[in-house]
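So the structure is just underneath, and the comments pick up after that.
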Amino acid sequence: MLTDPPKKRGRTASPMQVDRTPTIFQTPGAPSRQRFHDDKTPKRQTRTIEPFQCADFSSIAPSDVVDALLELRAAVDEFLNDTTETWEVTGLESRGSTIQASKGLIHTRGYDPLLASYYYSRVEEQFHKQVIGDLPDETAAVAELPRFLKDLRQAARNGVDDVSFIHWCARHIPGIFDTLTQRIQHYNLGVDLFLNGDQRVRIQLRKILHGYIRRTLDSLFLSEELRDCTWKDVLGRFLDWTFLLSHKESMEDDIEEPGMLDAETQLSRLAQFASSARCIGQHDDLSEQFMDVTKKYVKQRINECRGVFDEPQLETCLAWMEEKIIHQWLARFFDASHEDQTTLSTWHTRLRVLTLAEFCSMRTAELFDVIRDVAAEEVPAEIVMQDLKMSLSTSLQRDHLVKTLRASLESRVLHAGVRTGDIVNIMIATEQCLRILDPTSNLLLRTIKPVKEYLRRRDDTIKEVMSKILDPDGELADVMRNGVPVTEESGDYDTWEPEPIDAVGSQQERAADIITRLISIFDTKEVFVREYHKVLAAALLKKPDYETDEKIMEIELLKTRFGETSFHQCEIMLKDMADSRRIDSQIHSHGSTATPLVEVVPFHTTILSYLYWPELHSTPYQLPTPFEKAKGQYARAFKEQKPNRVLDWKTDAGVVEIEIELEDRVLEFQCTELQASVIYHFSDGPTTLSHLVDLLQSTESPATLLPKIRDSAHFWMSNGVLKEVNQDCWDVVEREDELGTQKNGRMTSAPLPTVDPAAQREREALEFRNTYQPLILSIVRSMGPKTFRQLVEILASRHHYHESKEEDLRDVLGHLVGNRILEIGLGGLYKIRG
């Protein structure tokens, strides 16, 4: 039978060091050792016996004892030379009375240790002759182990494949174990016959034989042919074969060899094999190899779950372990005895722990992939993390998880090639996943510290965080509506509990939700309030209907995070929107007393209190006549209602809703005033850039007006309204089938005549990558590894690169890293992957 799971084996004394001739023996009738000793306690009588020569007892024993010893020596020699199991009957029938009388005399006179010492020496001699033999000599065919060694060396010379070697082990190992077991049982029978079954003699004999067997089996593999193999390897291959045999019905290949017994018969003998292993002292090695083989197959099964995140996997692996490992395989090594069933239960517990540990190791290694998929909303976090939570049980596993995840974050996320928005998404997903693993947030706080430090150095972190917080359909919407979590300490000292020994941070930090944690990236909340001030202004300026109910609710929610007084300016901005609605309604209803308001074009304004709004830039230029006329009428009407106030028009902040009628289609756009002014001047046919400048330029126009006009023309090209007929000369695309045709060797229009900002952004990013990717690779190859900032400086100085394209450059670097062309070294250096 198998023993308990393998433990650290103690050192066994070499049989050659065992003193098999005790020098002190208790004389007949001597009292046993007393519990306490004093002067009145009688001394135990002992007799000193010197080591004996096998053929001479006369010098150490009286003549009658010598005769008895010689009689028993002859019986022992005859018993050990008889390899059959019949001597117990035939030998005792012919010499039984003499043997019993000699045993009685020796026992009465106290010479049992002398007989035991002789029995040890004869057993060693006989065991070496019949079992071990002369191992270096391959021709020694008398003993079993040399024959086994000869076959093993022959198999090694022939270079057998893995399957053949497994079959070879299956044929020979059970026979070796049976032979050794029969020998040991034969020697134990001699203890019963000649030494009255003395348990101490039996234990000492077992130690001697087990030591011989262990060293002999290990020494089999010291030859040159077997240098790559060990005895434990052979045991492992045999256990491999038994496992495959127990799952024969699920194997594609037939693992049975012709001429061997059928699978069920061989499996039924495994309990006897385990019992033999225990008898010959191989139970520790067998248990150790069983654990190794089990670990191999458990790993194979768990690796099938790698990358599968959409459904639970741990319970499936545990069920497989219990069915395939315990019931179909391991249970066959145990019989129905209470001791064996108790040991089987212990193995079941150990293998469950092994399965959980291997599953935890696998999921820990791919935890970043899980977080990445959760951030992309491809898999739910709950399913995967519950499996990992069930398998995560020790502090060492937790430490390994934190170390592994931090390393993955630093190498795969925290570099210039990743967008800030993606880093924020990863941080949010990390919070979701680790909160499931550890609701106390200890793992989370130990993991995300480098992420927060890196985000603090990014210029656009505040903008990205605010966009996530304000997204009504994002993953933070529910968290935002739930408000700040309560972290007040309870005053009930009867229920108070100390913080855990591995607690990280304060109680407030551990109880904080993801929004509070994102805000804590920076030391002050004012940076987020200022950013929201800009975001709110941009959003309000794009609301021609003056609707602010959503923004009012948004500010009320933000007050729970940033304080009541933080949004005073924002509240005035909302009041301006309400006042603008009222004033605009009055102007359109009554106009001015001198000149009634006649709408050349529908015209509405948002009237701002400039001290409370972010600074709005304005580029002076000449508006088309209808726009100027509408502005003039509106200004006069406003002057009558607000005599003490003057309107200062901010042309760059205005929004125009425009409808363009072409021959075969009608297109609607929302654009800036300048873009609307540019397309207005194409009503009379093709127009050049210089002509547009003449039409739009005023005496106060800056030099930057020309590139803005060109950008406006490109905006209409990208949306399929204009086509470039010559350099800086454009015409209207009246028919959609004109798109994509060429004229005078030039492309007449942009390839996508649709109003899709995302598609436009994607095209621009692709053009940027195609332009700068070869330059980046050339710089890194010729000038060595460079940081992101160094690349920016080199590109800006030599290749007309502008810093406004930093986000596009990060995308290019991320693409190169993701495709394993570049890698990031220490200090954020980008270098060619080796």
Side-chain angles (χ1 to χ4, degrees), residues 538 541-542 544 600-603 605 616-631 649-662 665-734 736 738-739 743 746-765 767-768 800 802 804-805 808:
L541 292 175
K542 294 181 180 179
V600 180
V601 292
F603 192 86
T605 62
L616 300 177
H617 298 284
S618 180
T619 303
Y621 62 90
Q622 185 64 44
L623 287 170
T625 302
F627 294 178
E628 285 288 356
K629 185 177 180 180
K631 275 191 175 182
W649 301 99
K650 299 294 183 181
T651 54
D652 289 356
V655 177
V656 179
E657 293 182 352
I658 188 172
E659 183 179 279
I660 302 176
E661 295 185 2
L662 303 171
R665 63 199 187 280
V666 177
L667 303 177
E668 295 182 356
F669 297 92
Q670 188 179 75
C671 58
T672 65
E673 290 186 36
L674 181 58
Q675 291 169 345
S677 300
V678 168
I679 199 63
Y680 175 83
H681 290 296
F682 280 89
S683 302
D684 297 330
T687 303
T688 63
L689 176 62
S690 59
H691 182 59
L692 288 173
V693 172
D694 293 339
L695 293 173
L696 296 174
Q697 192 172 28
S698 66
T699 56
E700 300 177 354
S701 297
T704 57
L705 179 62
L706 187 145
K708 289 184 177 182
I709 294 175
R710 180 185 283 114
D711 291 342
S712 298
H714 289 164
F715 169 79
W716 294 114
M717 283 182 59
S718 66
N719 287 285
V721 177
L722 296 181
K723 60 183 177 182
E724 188 175 18
V725 295
N726 207 336
Q727 184 174 2
D728 290 340
C729 181
W730 300 275
D731 194 6
V732 178
V733 182
E734 291 289 349
E736 194 171 7
E738 298 178 17
L739 295 171
K743 185 177 182 180
R746 300 182 64 84
M747 187 66 67
T748 60
S749 67
L752 293 178
T754 58
V755 186
D756 188 352
Q760 178 185 356
R761 170 65 183 170
E762 184 177 351
R763 291 196 303 273
E764 293 175 354
E767 293 175 2
F768 184 90
H800 306 289
H802 195 270
S804 62
K805 297 291 186 180
D808 293 323

Check your understanding: So, does Glu661 use its side chain to make a donor-acceptor pair with the main chain of Arg665 at under 3.5 Å?
Key ->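 Not at all, since once roles are kept as given, no pair shorter than 3.5 Å links the two residues.
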Any side-chain heavy-atom pair of [X] and [Y] under 4.5 Å:
X	Y	value
Leu662	Val733	no
Asp731	Leu722	no
Glu724	Cys729	no
Ile660	Val666	no
Tyr621	Ile709	no
Ser677	Leu696	yes
Leu541	Leu616	yes
Val656	Gln675	no

Exercise for review: Check the pair Thr651, Lys631 against side chain to side chain contact (heavy atoms under 4.5 Å, CB included), reporting the backbone distance first and the verdict last.
Suggested key: CA-CA 11 Å; Thr651 54; Lys631 275 191 175 182; 3.6 Å; yes
Review point. Do the ring centers of Trp716 and Phe669 come within less than 6.0 Å of each other?
Key: yes
Review point. Do Trp730 and Phe715 have their ring centres less than 6.0 Å from each other?
Key: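 Not under 6.0 Å, so no.
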Check your understanding: Looking at Glu673 and Leu623, what are the two nearest heavy atoms and their distance?
Key ->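 Shortest heavy-atom separation between Glu673 and Leu623 comes out as OE1-CD2, 3.8 Å.
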Exercise for review: Mind listing the closest non-hydrogen atom pair of Ser701 and Ser698 along with its distance?
Suggested key: OG-N, 2.8 Å
To the nearest 0.5 Å, tell me how far [X] [atom1] sits from [Y] [atom2].
X	Y	atom1	atom2	result
Thr687	Leu695	OG1	CG	7.5 Å
Lys650	Thr619	NZ	OG1	10.5 Å
Glu668	Glu659	CD	CD	5.0 Å
Thr699	Gln622	OG1	CD	9.0 Å
Ile658	Ile679	CD1	CD1	7.0 Å
Thr704	Asp711	OG1	CG	10.5 Å

Practice item. Begin with the C-alpha distance, continue with both residues' side-chain angles, and end with the deciding distance and a verdict on side chain to side chain contact (heavy atoms under 4.5 Å, CB included) for Tyr680 and Val678. Key: CA-CA 5 Å; Tyr680 175 83; Val678 168; over 6 Å; no
Practice item. Verify the distance criterion only: is there a donor paired with an acceptor across the side chains of Ser618 and Asp652 at less than 3.5 Å? Key: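 Looking only at side-chain atoms, Asp652 and Ser618 do not form any donor-acceptor pair under 3.5 Å.
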Practice item. May I ask you to decide whether Glu734 forms a salt bridge with Lys723, counting only side-chain N to carboxylate O separations under 4.0 Å? Key: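 Salt bridge flag = no for Lys723 with Glu734.
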